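Here is the structure we will look at.
We use all heavy atoms of the structure for the numbers below, so side chains are in, but hydrogens, waters and symmetry mates are not. Just so it is clear: chains get the letters A, B, ... in the order the sequence lines come, proteins before strands, and each one is counted from 1. Note that the coordinates shown come from a computational prediction; the quantities given were computed from them, not determined experimentally.
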2 protein chains.
Amino acid sequence: MPVTIKDVARMSGVSISTVSRVINDSKPVSSNIRDRVFKVIEETGYVPNPVARSLVMKKSQLIGVITPGSSQYTMSEFLNGVEEIARMYEYDTILCNTYCESSKEIAYVDLLKSKQVAGIIFITQNINEELDKKLKKSSIPTVYYTLGTPMIPGIDYVDVDRVEAFVKLIEKVTDKDDRDIIYLRPEKKEDDYKESSKEEILKKALKKKNIKLSKCKIIYGADTVEKTYKLVESAMKKNKNIKSIISSIDEATLGSLYYLQDNGKVVPDDVKVAQVYETQITKIIRPGITSISLPLYDMGAVCARMIVKDIENREKSKEKKINEMILPYTLVERKSTLNN
Amino acid sequence: MPVTIKDVARMSGVSISTVSRVINDSKPVSSNIRDRVFKVIEETGYVPNPVARSLVMKKSQLIGVITPGSSQYTMSEFLNGVEEIARMYEYDTILCNTYCESSKEIAYVDLLKSKQVAGIIFITQNINEELDKKLKKSSIPTVYYTLGTPMIPGIDYVDVDRVEAFVKLIEKVTDKDDRDIIYLRPEKKEDDYKESSKEEILKKALKKKNIKLSKCKIIYGADTVEKTYKLVESAMKKNKNIKSIISSIDEATLGSLYYLQDNGKVVPDDVKVAQVYETQITKIIRPGITSISLPLYDMGAVCARMIVKDIENREKSKEKKINEMILPYTLVERKSTLNN
DNA sequence: TTGAAAGCGCTAACAA
DNA sequence: TTGTTAGCGCTTTCAA
């Protein structure tokens, strides 16, 4: 049987309201009584029951995290950041994997509402505006981290300047010479806004660099090492001027590398290779692959801090201001694009 | 303002207990009343408040998951299994990362107790018997998944037969001939029971295969690709009979591969290479690396199912029986050990 | 500065 | 089969 506030009150000879005041520091309590209460708390190891607290406060110390999936390294590092900071502010996180299904997103929002979560961190490929309205109406603080389509106005979010990062990446794989680029990505799937948005960003970045779209061919179907191998093969046989490869996933990078190796092409001398976002593989394979390193942990941490602040502001019924945090990325140049 | 049981009761002209009976199907209710209540529930979108429920039931629909860290692929797949099955039984999971610190394990157990979690899934490198006693005393159902030291008696756990798997792995890298083996592992750190236990298992497996310990040298310090490269280099210069390499992490595997490649050794013809447990890298690099594939998702799923059953049994105050689930692994042979 | 009491939304024992 | 009621552990008004 755990110790309750009643026990503490009885044992220290005061009323439960006084004990409540002591543990919450919510109203002045004479110091000798406070000491007495603290002593009893210490002795008994009393811990307030968060469930009872949530019931009366109509708010839990729970932050719901809706995520497309926590398996990928890029996601789990982010989640570590969320969890650690949330816990620092005494919030627990509850994870909801949507596997990119928007029906699951809706279901989870309802679930989280019923759990009376204090706030929601919403990681998604594209923001469901309908759902966002619903969230706003039920006045649950929400912070977004979007992997895909651009932000809609009036929301809190965390991101990096992906276009700028892509521009820098392109700079690394291109030279002043008139080389052609191929961009390797998996087959188009429905709902895969993540890849589509990388493509959008690529196009914007090309524009900024004044590179004609015709110089950069987007190749679909680079899902596996083997498929990529063949795709690169046929592309390079058709166009001898391809001297830059940008790939969107590990498999495509390896497939390219192996094709080049088998055909006597040296990276980076003959062909430069980059992968959009850094993974564990880009760091340790040979040659090292140039890529954009996202501050994943920090992004998660910032999300958590933002949501906690939102929650506190709402409690003090301060007026809400929109928070947009653009964090710094790092472009890591490795051997795969280095001029000698 | 969310709809409460009171609202539903009033609107359907019955008492709240009747509504409670309807939603929990706990006592017979005449069918016309039940229909009326359901209709109101439907119309209002009423969802029972789980917080209030937890308070009176003294039990939440929460399963605490204590894990050394959720970043690695091997862990997150497991956690996906846990989460999905738990959710199926209407439990939420709350994740606690210990980063292998045993002080954090203790703190989290206390935290989870105060949250009145219904059960705990405890993933750890070695079981803290003290803590387990505490858990047993507070009668919170607990299921273990241990990455390290052997099981202690009287606990519920999920695992695969790691020794048997290792035996099979060794069979793949050795031949009838008298070749020497090196086993590459990271530097010894305190608390790293995971690596130590792999070593223990290796030794047991060698014994079973009647391979003298002197034929298999354990090399420490294979933390990075570069360090491994040098370690393999010096080991192979000293001993020309090394024809098998087993590595415990991706970095060590790649480092070995690169050394062999640079020195004209062909894998698997000259040297066979295997990595203990499969990762994404062992699957996609060239050559494919033979390794043990753990049924990660299933292990997580089984853990979740076990804990739910434990919880239900405890509620029905059935006597507890110990559950030990040994799941089947797969030894995946890839090119790195294949005889032609 | 302190205590009594109401009530958060729900379940379950008891009564009818 | 249904309703009344107590109470889960806590916060917070209201009085003293």
Side-chain angles (χ1 to χ4, degrees), chain A residues 1-38 40-41 44-62 90 111 113-118 315-317, chain B residues 1-38 40-41 44-62 90 113-118 311 315-317:
Chain A
M1 281 304 100
V3 186
T4 71
I5 197 171
K6 242 185 201 162
D7 302 320
V8 176
R10 187 172 32 73
M11 293 173 76
S12 37
V14 295
S15 72
I16 56 168
S17 6
T18 303
V19 176
S20 173
R21 279 164 202 141
V22 170
I23 56 184
N24 294 307
D25 201 19
S26 51
K27 286 270 165 101
V29 173
S30 69
S31 61
N32 61 331
I33 288 194
R34 206 202 349 263
D35 292 347
R36 224 161 62 210
V37 172
F38 270 135
V40 173
I41 289 176
T44 54
Y46 166 69
V47 182
N49 181 333
V51 177
R53 207 171 238 175
S54 295
L55 181 60
V56 42
M57 312 269 281
K58 291 173 182 299
K59 194 211 87 183
S60 67
Q61 289 295 108
L62 243 46
E90 310 205 279
L111 180 77
K113 264 167 61 179
S114 90
K115 305 254 178 220
Q116 317 206 23
V117 294
E315 275 162 11
K316 297 175 196 149
S317 59
Chain B
M1 282 304 100
V3 185
T4 71
I5 196 171
K6 241 184 200 163
D7 301 321
V8 177
R10 187 173 32 74
M11 292 172 76
S12 36
V14 296
S15 73
I16 57 168
S17 15
T18 303
V19 177
S20 174
R21 278 166 202 138
V22 170
I23 57 185
N24 295 306
D25 201 18
S26 50
K27 288 269 165 99
V29 174
S30 68
S31 62
N32 60 332
I33 287 195
R34 203 199 354 262
D35 291 348
R36 223 159 64 209
V37 172
F38 271 135
V40 173
I41 289 177
T44 56
Y46 166 70
V47 183
N49 181 334
V51 177
R53 207 173 240 173
S54 297
L55 182 61
V56 41
M57 312 269 282
K58 290 170 181 301
K59 197 212 85 184
S60 66
Q61 289 296 108
L62 242 46
E90 309 204 283
K113 264 167 62 179
S114 90
K115 305 254 178 221
Q116 317 208 23
V117 294
I311 293 165
E315 275 162 10
K316 295 175 198 147
S317 60

Return the nearest nucleotide to the side chain of [X]; candidates are [options].
X        : options                  : answer
Val56(A) : dG9(C), dC10(D), dT12(D) : dC10(D)
Ser15(A) : dC10(D), dC10(C), dG3(C) : dG3(C)
Asn49(A) : dG3(C), dC10(D), dT4(D)  : dC10(D)
Thr18(B) : dT13(D), dT2(D), dC10(C) : dT2(D)
Arg21(B) : dC8(D), dC10(D), dC14(C) : dC14(C)
Ser30(B) : dA5(C), dG7(D), dT2(D)   : dT2(D)
Leu55(A) : dT11(C), dG9(D), dC10(D) : dG9(D)
Val14(B) : dG3(D), dT2(D), dT11(D)  : dG3(D)
Ile5(B)  : dC10(D), dT11(C), dT2(D) : dT11(C)
Ser17(A) : dT1(D), dT11(D), dA4(C)  : dA4(C)

Tell me what [X] touches on the nucleic acid: a base, only sugar-phosphate, or nothing, going by heavy atoms under 4.0 Å.
X        : value
Ile16(A) : base
Lys6(A)  : sugar-phosphate
Thr4(B)  : sugar-phosphate
Pro50(B) : nothing

* Give a yes/no on whether any side-chain N or O of Arg53(A) is located under 4.0 angstrom from OP1 or OP2 of dG9(D). =>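 It does not, given that no N or O in the side chain of Arg53(A) lies less than 4.0 Å from OP1 or OP2 of dG9(D).
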
